[in-house]
Each structure stands twice: as C-alpha cells, then as structure tokens.
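Have a look at the structure below before the remarks.
First listed ligand is number 1; within each ligand, the first listed atom is number 1. Heavy atoms only: backbone and side chains are in, while hydrogens, waters and symmetry mates are out.
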Amino acid sequence: MTAYDLSQTLSRRLTVLGSTGSIGVSTLSVVAHARATYGADAMPLEALTAQSNVEVLAAQAREYRPRRAVIGRPELLGKLKDLLDGTGIEVTSGKEAVIEAARMPAEVVMVAIVGAAALPPALAAVRRGATLALANKECVVAAGELFRRTLDGSRATVIPVDSEHNAAFQVLDFAQGHAIEKVTLTASGGPFREWTRERMESVTPEQAVAHPNWSMGAKISVDSATLMNKGLELIEAHFLFALPAEKLDVIVHPQSAVHCLVSYADGSVLAHLSAPDMRTPIAHALAWPRRITSPSQRLDLAALGRLTFENPDRTRFPCLALAEACLRSGGLSPTILNAANEVAVEAFLNRRIAFYDIPRVVEATLAADGSNRAEAEDLEAVLAVDRRARDAADALCRKLAA
Ligand SMILES: NC(=O)c1ccc[n+]([C@@H]2O[C@H](COP(=O)([O-])OP(=O)(O)OC[C@H]3O[C@@H](n4cnc5c(N)ncnc54)[C@H](OP(=O)(O)O)[C@@H]3O)[C@@H](O)[C@H]2O)c1
C-alpha cells in the first residue's frame, strides 16, 4: 500500500452497534462523507443495531445498505420487517441477535451502545479478533479486568473513540511507557461549572442535558454535568492504557479544545487538540492506522482566543471523588459504581430523584455492597454484581422518590 492508497482501509467492512444514538449517527455521517469523497463503495456495512428506535434504524438501513439490521426489543421485529420489506436486508431482534451482529465478519466494529449493555457484544467482537472503535466506556468500567484479559488473549485491537482516550492514544508513546509521568484528561466542567451547590440542588433534567460544548446522548450528558463522566473516563484510561491511579489526573478546561495531555520524564508535555466534534475521533478510529477526511468542525484557535485550565471542585461534584476512590480501591467497585450510576441517572432523567441524589445513591450502593474488593472471575460474575448493584440502587431511588 502506498502512502496515499486508502483502498485497503476503505474496503474494510463495518458494523455499528448502537447506530441510532448520538455516536452512531455521527459514525454514519463519517461513512457518508467517506463515500462522497472516496467513492460509493467505501466502508461497506455489515450490520446496524438499535434498541427501540425502529424507524430511524430502518431509514439508516435503507440509506447505508448493511447486510443485517438488528432491533434489540423483540416486539419490534415485525415492524422492522415491514419497514425493510423488499430491500433484501436481513432482519433480526433480541439481546442475542445484537451479540450475533458483533460476531458477523466485519473487520471494524463501532461499539456505540450506551451503558453496560454493550459488554456482551463488545466481548464477542474482541473474541473474534475484530478492530473495535470503542465509544462505550461503561463496559470497560464495569468489567475492566475481564475486558483487558479477553483483549490480551485475542488478536483484537481497541481504538478508543471517547475523545480524551482517542487523544491519549494519539499522543502516548507506547514504546516509552516507563517515561510517562502523567496522563491528564480534560473536562469541560459541564453546564454547572460555575453554579453554587445550593443552586445545583434543584437542577432539572433539561438543564443537565444542555451541555455547553458537546452534543451527546442524555445519559452521558448527565454524567458530564455531575463529572461522573470524567471519573468513568479515569477508570477507562486505567484499563485501556494500563496506567496506575497515581499517573492519571483531571483538569477542567471549559473550551474543550485540548482533550488530553501526556507528561513525560524529560519535562515534555504532548497535547492533542481538536474542535469538540466527535466525528474527529470517530474518523480517526475508523481509519486507524491511516487517516481519512472527516466532516467535523475545524479548530479555530484565534476565534477561541484563550484556553483556560482549573482544578475540579470535588465538593460540588462528589461523583468525581467517588469514581476516583473506586479507581484506587479496584476490584469490583467500578462495576458497582457504574451500575448504581446508570440506575440513578435514569431515575433523575425520569424526575424520580433530584440531581444530588445521584451521588447519594451511588455512595450508598457502594457502601452497602460487600463484594467491591473481589475480582471478577468471568462475565457471569460481573453481570451478577452488576445486577445486584442495580437492584440496590433502584430500591434507594424508590425510597428517595417516596
Ligand atoms: N455522545 C457522545 O458524544 C459520546 C462521547 C464519548 C463517549 N460516548 C459513549 O458512547 C456510548 C454511546 O453514547 P451516545 O451518547 O451515543 O448514547 P445514545 O445517544 O443514548 O445512543 C445509545 C445507542 O445504544 C442503543 N441502546 C440503548 N440501550 C441499549 C441496549 N440495552 N441494548 C442495545 N442497544 C442499546 C440505542 O438504541 P435506541 O436509539 O433504539 O434506543 C442507541 O443506538 C456511551 O457509552 C457514551 O458514554 C459518547
């Protein structure tokens, strides 16, 4: 392959798990851009999956022509069949069908399902040696050791899509691991960066999902508002890059232009910059180790004028401190943290609990579970702890809502 020949890169088949979400839609816009730029055959699609958004899934399938379209909720299979009648696209449904989609022979699998539900299909893609463009962070947080072990025993490659981890992947000198002093992830600070704790007590779901810089799904937007997102990302970085807790740090950077800084033993600091547009890390992950053009916004530093940095406030944002404590204690505590947070965020989005009830539920669930120091033996063990933590968190949410 010559320096300018992208044919091998663009001929790789792609599966998008969670194609109807924020990352899924951005992924398909990168595919559309690649097809418009390089030819209609670029990035052929193997499978698209969604959970319940059957109309959007069908419209995407008609436009992008995957071999298979999969809907997670079985009761929507008939509707998907009707919507794709006459297209020749295979149609399946259910949890197992989503895992089966990850097993189909696509060279690249975009993992853009939200929450720990991504874990079984992500592991299935790892086991068959695919290249994973990994947007989902919850599966690495919930089952970090297991994920790492499965990855190490496979031929799979993981290219992180989460912007900070994709940035780290680009500036980390993996051959000089001993010389890495610190990896610093940046956080925008979310919509409440300058709010008092008192004012944040009565935050609504609408206010929490209105992120100042990024356009994202509801769950991650709330995680950004509580700074749990940054805590989950520290744990994700620990497992993805095999870095100990003391080499991982967070800094608030409201302009979201710098995504990650890597400090080396000689005093050098390498940073990655881009406009806050997920299509940049998505295009990087889909084309790695080559680079393709993407439709993302370009960074305009003169227009930004100033880049500022400040330390996070762990008193107003206790979720960050909770996640950091789990990163340090290890074992299954990140599994419990993640499960309790998913339940609490959903309860907050459904107006059943208040904004600060999210850290209350997470902290109480962690305190009540005796298994947080144990290690995960296998997927079943992780899923059992995850289920128990969800039940405990749900009971706490019910109590708070009563
Ligand atoms: N959005 C961002 O900018 C961003 C940035 C960095 C990392 N991430 C990470 O990327 C992941 C996706 O985020 P997002 O913002 O794109 O989420 P989202 O907009 O909520 O989309 C989630 C996708 O997952 C599907 N899904 C939901 N529950 C499912 C289940 N139980 N089983 C199978 N599929 C399911 C959804 O299908 P339906 O549409 O049918 O419900 C949808 O396609 C998250 O882990 C997030 O932390 C996102």
Side-chain angles (χ1 to χ4, degrees), residues 15-29 47-61 69-76 79-80 92-102 110-122 124 132-142 159-168 185-188 190 209 211 213-224 226 228-233 235-237 240 256 259-260 274-282 284-285 296 338 341-342 345-346 349 383 386 390:
T15 283
V16 185
L17 304 173
S19 64
T20 51
S22 168
I23 293 287
V25 168
S26 294
T27 301
L28 291 177
S29 81
L48 296 179
T49 82
Q51 177 69 357
S52 47
N53 224 329
V54 67
E55 274 97 0
V56 176
L57 175 65
Q60 290 177 335
V70 182
I71 190 79
R73 281 176 49 193
E75 67 274 22
L76 296 171
K79 184 148 189 202
L80 186 59
T92 59
S93 76
K95 245 188 204 176
E96 274 305 314
V98 175
I99 300 171
E100 198 45 51
M110 166 59 74
V111 184
I113 290 172
V114 64
L119 182 57
L132 274 73
L134 185 67
N136 177 284
K137 64 193 83 187
E138 294 92 342
C139 71
V140 181
V141 174
I159 314 298
V161 171
D162 214 349
S163 56
E164 299 75 5
H165 305 72
N166 181 269
L185 309 181
T186 61
S188 70
V209 299
H211 196 279
N213 302 345
W214 298 94
S215 159
M216 310 183 283
K219 193 261 174 183
I220 183 175
S221 297
V222 175
D223 286 346
S224 296
T226 61
M228 178 61 93
N229 185 47
K230 216 44 58 180
L232 298 178
E233 287 179 5
I235 299 171
E236 182 186 6
L240 287 184
S256 298
H259 303 295
C260 177
S274 69
D277 184 331
M278 286 307 295
R279 292 172 299 180
T280 291
I282 289 169
H284 173 265
S296 51
N338 179 67
N341 182 59
E342 284 190 29
V345 169
E346 198 182 333
L349 284 169
L383 294 178
D386 174 273
R390 279 171 203 272

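In terms of modelled atom types and a separation under 3.5 Å, the side chain of Asn136 and the main chain of Ile113 share a donor-acceptor contact. Side-chain atoms of Asn166 never come within 3.5 Å of backbone atoms of Ile159 as a donor-acceptor pair (strictly under, hydrogens ignored). With hydrogens and angles disregarded, no donor-acceptor distance shorter than 3.5 Å links the side chain of Asp162 to the backbone of His165. A distance-only check finds no donor-acceptor pair linking the side chain of Glu164 to the backbone of Glu233 [under 3.5 Å].
Distance check: Asn229 CG to Lys219 NZ gives 7.5 Å after rounding to the nearest 0.5 Å.
Contact annotation: the side chain of Leu57 approaches that of Leu48 to within less than 4.5 Å [non-hydrogen atoms, C-beta and beyond]. When side chains are defined from C-beta on, Ser93 does not count as touching Arg73, because their heavy atoms never get closer than 4.5 Å. Using a 4.5 Å heavy-atom cutoff, the side chains of Leu119 and Asp386 are not in contact.
Ligand 1 has an N or O atom lying under 3.5 Å from an N or O atom of Ser52, backbone or side chain. The shortest N or O to N or O distance between Ala218 and ligand 1 is not under 3.5 Å. Close N/O approach between Gly18 and ligand 1 is found [any backbone or side-chain N/O within under 3.5 Å].
The atoms of ligand 1 that sit less than 4.0 Å from any heavy atom of Gly217 are 1 (N), 15 (O), 19 (O). In the vicinity of Ala135, heavy-atom distances shorter than 4.0 Å reach the ligand 1 atoms 7 (C), 8 (N), 9 (C), 10 (O).
For atom 11 (C) of ligand 1, the nearest protein heavy atom (residue, atom name, distance) is Ile113 O, 3.7 Å. Considering only non-hydrogen protein atoms, atom 31 (N) of ligand 1 sits nearest to Ala117 CB, 3.4 Å. For atom 43 (O) of ligand 1, the closest heavy atom belonging to the protein is Thr20 OG1, 2.7 Å. Of the protein's heavy atoms, Asp162 OD1, 3.3 Å lies nearest to atom 7 (C) of ligand 1. The protein heavy atom nearest to atom 17 (O) of ligand 1 is Val114 CB, 3.9 Å. Protein heavy atom at the shortest distance from atom 13 (O) of ligand 1 is Ile23 CG1, 4.2 Å. Protein heavy atom nearest atom 33 (C) of ligand 1, with residue, atom name and distance: Gln51 OE1, 3.4 Å. When hydrogens are left out, the protein atom nearest atom 23 (C) of ligand 1 is Ala112 O, 3.5 Å; that is the closest non-hydrogen contact.
Inspection of the Asn338 and Lys137 side chains reveals no N or O donor paired with an N or O acceptor under 3.5 Å.
Heavy-atom separations between Gly72 and ligand 1 are all 4.0 Å or longer. Between Ile220 and ligand 1 there is a heavy-atom distance shorter than 4.0 Å.
Closest heavy-atom approach to atom 44 (C) of ligand 1 within the set Met110, Glu138, Met278, Met216: this belongs to Glu138.
The number of heavy atoms from other shown groups lying within 6.0 Å of CD (Glu346) does not exceed 12.
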